[in-house]
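Notes for the one structure printed next.
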Amino acid sequence: MNSGKLIIFSAPSGAGKTTIVRHLLNVIPALEFSISACSREMRKGERNGVDYYFLSAGEFRKKIENNEFIEWEEVYKDHYYGTLRSEVFRIWNNGHHVIFDVDVEGGLNLKSQYADRALAVFVMPPSIQSLESRLKQRETETTESIARRIGKAEKELKTADRFDKTILNDTLAHALADAEKVVKEFLQR
Ligand code: ADP
Ligand code: 5GP
């Protein structure tokens, strides 16, 4: 669709963006999730082509050379993540708006390319300590990868004022309601 929009949710890892994006996909049928490509290991319960398009680092680098990404990043060493151009067109061609769950740099990059066609939302955790306890509780990370994510979070929190909106994810129910409100308002514009 020509009028297809982009909704971007970014935050430090563990802030709750995946939880919020899943909720929005359940309650706003006009949205479709942008499946990113990545080169990290698949986690238990994840599916290729559903959670991510899982590629080897070599396959990923080949697609970078072929200019197949709108944006990409080496988020952690040898762990590439990116948005394929074909993915956004696939969703717009389905008549849907695209919703992204990307890290802060990817989110700001997408916003700078799409300007008013995009709504960029920062999900703010109540504290760094809460990020750590949420990542532990999610049981997907090693002690080392939690430390790496927390190290990155301190810098990421400083970028919040560059987003169109910030949503505090303290009480989840409030965050879900706030997210629903800002996205619906943007889509009605
Ligand atoms: P992200 O996608 O930003 O890395 P997730 O959505 O995976 O974060 O959330 C990280 C963990 O924290 C998950 O286990 C999730 O269930 C939990 N969580 C999300 N929001 C809250 C909240 N408001 N209070 C407590 N736990 C939360
Ligand atoms: P995870 O390994 O927890 O799934 O994701 C690690 C980080 O990569 C998260 O902050 C996630 O939002 C980010 N990420 C996921 N997809 C993309 C993408 O397409 N582009 C960018 N730049 N980051 C992404």
Side-chain angles (χ1 to χ4, degrees), residues 6-26 33-48 50-55 57 60 63-64 68-88 91 98-114 118 120-142 144-146 148-157 159-160 163 166-179:
L6 302 90
I7 312 286
I8 303 155
F9 274 78
S10 296
S13 186
K17 59 192 175 303
T18 304
T19 307
I20 294 173
V21 166
R22 283 198 184 133
H23 169 77
L24 292 172
L25 285 163
N26 279 332
F33 182 61
S34 167
I35 303 167
S36 296
C38 82
S39 66
R40 70 152 166 73
E41 295 288 307
M42 207 186 291
R43 290 179 194 142
K44 209 172 73 192
E46 284 184 328
R47 284 175 296 163
N48 187 23
V50 176
D51 299 283
Y52 284 104
Y53 300 113
F54 289 96
L55 305 174
F60 201 109
K63 289 189 186 295
I64 295 172
E68 290 182 50
F69 289 103
I70 296 177
E71 63 80 32
W72 64 271
E73 259 182 89
E74 193 176 4
V75 174
Y76 310 103
K77 189 168 171 4
D78 275 339
H79 287 189
Y80 293 94
Y81 293 80
T83 304
L84 290 161
R85 282 176 212 289
S86 56
E87 181 64 5
V88 171
I91 292 171
V98 190
I99 185 163
F100 297 86
D101 170 348
V102 292
D103 83 333
V104 163
E105 230 177 288
L108 289 171
N109 187 343
L110 288 166
K111 175 66 189 175
S112 73
Q113 294 187 57
Y114 290 95
V121 183
F122 188 93
V123 180
M124 180 67 81
S127 63
I128 292 263
Q129 289 83 339
S130 67
L131 283 181
E132 194 167 352
S133 61
R134 286 178 191 178
L135 286 172
K136 278 185 189 150
Q137 171 223 318
R138 194 169 73 185
E139 295 183 336
T140 55
E141 308 304 320
T142 60
E144 189 205 358
S145 86
I146 290 179
R148 206 164 53 204
R149 283 162 194 255
I150 295 299
K152 200 174 156 223
E154 291 175 7
K155 270 193 239 142
E156 290 172 326
L157 289 177
T159 67
F163 284 75
T166 295
I167 288 177
L168 174 69
N169 183 19
D170 189 352
T171 304
L172 181 59
H174 292 168
L176 297 180
D178 289 349

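We count residues from 1, following the sequence as given. On a predicted model such as this, the values are computed, not experimentally measured, just so you know. In listed order, ligands and their atoms are each counted from 1.
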[atom]: which protein heavy atom is closest, and how many Å away?
atom	result
atom 1 (P) of ligand 1	Gly14 N, 3.5 Å
atom 19 (O) of ligand 2	Ser36 OG, 2.7 Å
atom 8 (O) of ligand 1	Gly16 N, 3.1 Å
atom 20 (N) of ligand 1	Asn169 ND2, 3.0 Å
atom 26 (N) of ligand 1	Arg134 NE, 3.6 Å
atom 22 (N) of ligand 2	Glu73 OE2, 2.8 Å
atom 7 (O) of ligand 1	Arg138 NH1, 2.8 Å
atom 2 (O) of ligand 1	Thr18 OG1, 2.4 Å

Measure the acute angle between the ring planes of Phe60 and Trp72, then classify it against the limits of 30° and 60° as parallel, tilted or perpendicular. perpendicular
Closest candidate by heavy atom, reference [atom], pool [options]:
atom	options	value
atom 13 (C) of ligand 2	Leu108, Leu110, Val21, Asp103	Asp103
atom 21 (C) of ligand 2	Arg43, Glu46, Glu71	Glu71
atom 7 (C) of ligand 2	Ile35, Asp51, Val75	Val75

For [Y], is there any backbone N or O sitting under 3.5 Å from a side-chain donor or acceptor partner on [X]?
X	Y	result
Asn169	Ala15	yes
Glu87	Ile35	yes
Ser39	Tyr80	yes

Heavy-atom side-chain proximity of Val21 to Ile7 below 4.5 angstrom: no
Just to be sure I read this right, does ligand 2 sit under 4.0 Å from the backbone of [X], its side chain, both, or neither, counting only heavy atoms?
X	answer
Tyr52	side chain
Asn109	neither
Glu87	neither
Arg40	side chain

Is the closest heavy atom of [X] to ligand 1 under 4.0 Å?
X	answer
Ala15	yes
Thr140	no
Pro12	yes

Within the supplied structure, the quantity of interest is the number of heavy atoms (other residues, nucleotides, ligands) at a distance under 6.0 Å from Arg43 CZ; does it exceed 12? yes
Numbering the atoms of ligand 1 from 1, which are under 4.0 Å from a heavy atom of [X]?
X	answer
Thr19	5 (P), 6 (O), 9 (O), 15 (C), 19 (C)
Ser13	4 (O)
Gln137	14 (O)
Asp170	22 (C), 23 (N), 24 (N)
Leu172	20 (N), 23 (N)

For ligand 1 and Thr171, I'd like to know whether there is a polar contact (N/O to N/O, distance under 3.5 Å). no
Could you list which atoms of ligand 2 come closer than 4.0 Å to a heavy atom of [X]?
X	value
Gly106	22 (N)
Asp101	12 (O), 15 (C), 16 (N)
Thr83	19 (O)

Just to check, does His79 reach to within less than 4.0 Å of ligand 2 when the distance is taken from its heavy atoms? no
Review item, side-chain donor-acceptor pairs of residues 98-110, under 3.5 Å, at least two apart:
| from | atom 1 | to | atom 2 | distance (Å) |
| --- | --- | --- | --- | --- |
| Asp101 | OD2 | Thr18 | OG1 | 2.7 |
| Asp103 | OD1 | Gly106 | N | 3.0 |
| Asp103 | OD2 | Lys152 | NZ | 3.1 |
| Asn109 | OD1 | Gln113 | NE2 | 2.9 |

